[in-house]
Amino acid sequence: MGVAELTVLLPVAAFVALALGVLVVLRRAGRIMARTREVEHFRTAVRDLSTRIDQSLEGAAGRIDAVRRGQVGADTISPTIVAATDAVTRYAEEARELKGPPAAQTIRDAIVEDLERAERALGMVDHGAKIMVQARRRGREVEAQTSVKRGYLNLIHARDAIARHAAAAEELEVGTLDQPAKGSAPADTSQP
């Protein structure tokens, strides 16, 4: 190989190396942009879902609290519980459909768990309200009040936990998507 050939090949090799470097940078930038879009889509979906969940559970919790305090009769709570249970079930299905990066899966699963917790809490309130309506004996009344109060508190805790999960979704960062999301550990379901 002569000097003339080398002077021709060197600029070509430099150009190929530069083109490969640009290609690598563009591919990485494309992946980062795709992940950023994915994270933003997940954040928006969780924000919308958590707002609707909060509104539904706030209304139900207010009505349940009125029954718990004896401000309204237990026989009036049934439509609220049916509507809230239906809403929570639909929200859980919607949450299961949320797509996002691996770190977002932990948040999604925690939201679903807390929605299931809210559904159990509503069932507990329903159970207590039915006892209140049917039984006038002292022993059953205490059971009914306990059931309504525990269901109410579990509903409040589930609602608060969902708000924390939504905040964790807002904190997702593109650079840490392969790691579990901070502050989104699965909910403690040890309470009935």
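Across all non-hydrogen atoms, the minimal contact from Val39 to Pro101 is CG2-CG, 3.9 Å. Of all heavy-atom pairs spanning Leu155 and Ala121, the tightest one is N-CB, 3.7 Å. Considering every non-hydrogen atom in both Tyr152 and Arg68, the closest pair reads CD2-NE, 3.6 Å. In terms of heavy-atom proximity, Arg140 sits nearest to Glu143 at NH1-OE1, 2.9 Å. When all heavy atoms of Phe42 and Gly100 are compared, the closest pair comes out as CD1-CA, 4.2 Å.
Note: Leu115 CG to Ser56 OG = 10.0 Å, rounded to the nearest 0.5 Å. Atoms CG and CG, from Asp86 and Leu122 in turn, are 11.0 Å apart once rounded to the nearest 0.5 Å. For the atom pair Arg52 CZ and Leu49 CG, the distance stands at 5.5 Å (nearest 0.5 Å). The distance from the CD atom of Glu116 to the OG1 atom of Thr89 is 9.5 Å, given to the nearest 0.5 Å. Interatomic distance, CD1 of Ile162 versus CD1 of Ile107, reported as 13.5 Å (0.5 Å rounding). Here the CZ atom belonging to Arg159 is positioned 13.5 Å from the CZ atom belonging to Arg117, to the nearest 0.5 angstrom.
Cluster membership check: Val112 does not share its hydrophobic cluster with Tyr91, using side-chain heavy-atom separations under 4.5 Å among Ile, Leu, Val, Met, Phe, Trp and Tyr. Under the 4.5 Å side-chain heavy-atom criterion for Ile, Leu, Val, Met, Phe, Trp and Tyr, Val72 and Val148 are members of the same hydrophobic cluster.
Salt bridge status for Asp160 with Arg164: absent, with no side-chain N to carboxylate O gap under 4.0 Å. Using a 4.0 Å cut-off between charged nitrogen and carboxylate oxygen, Arg43 and Glu40 count as a salt-bridge pair.
No side-chain donor-acceptor contact under 3.5 Å links Ser50 to the backbone of Ala163.
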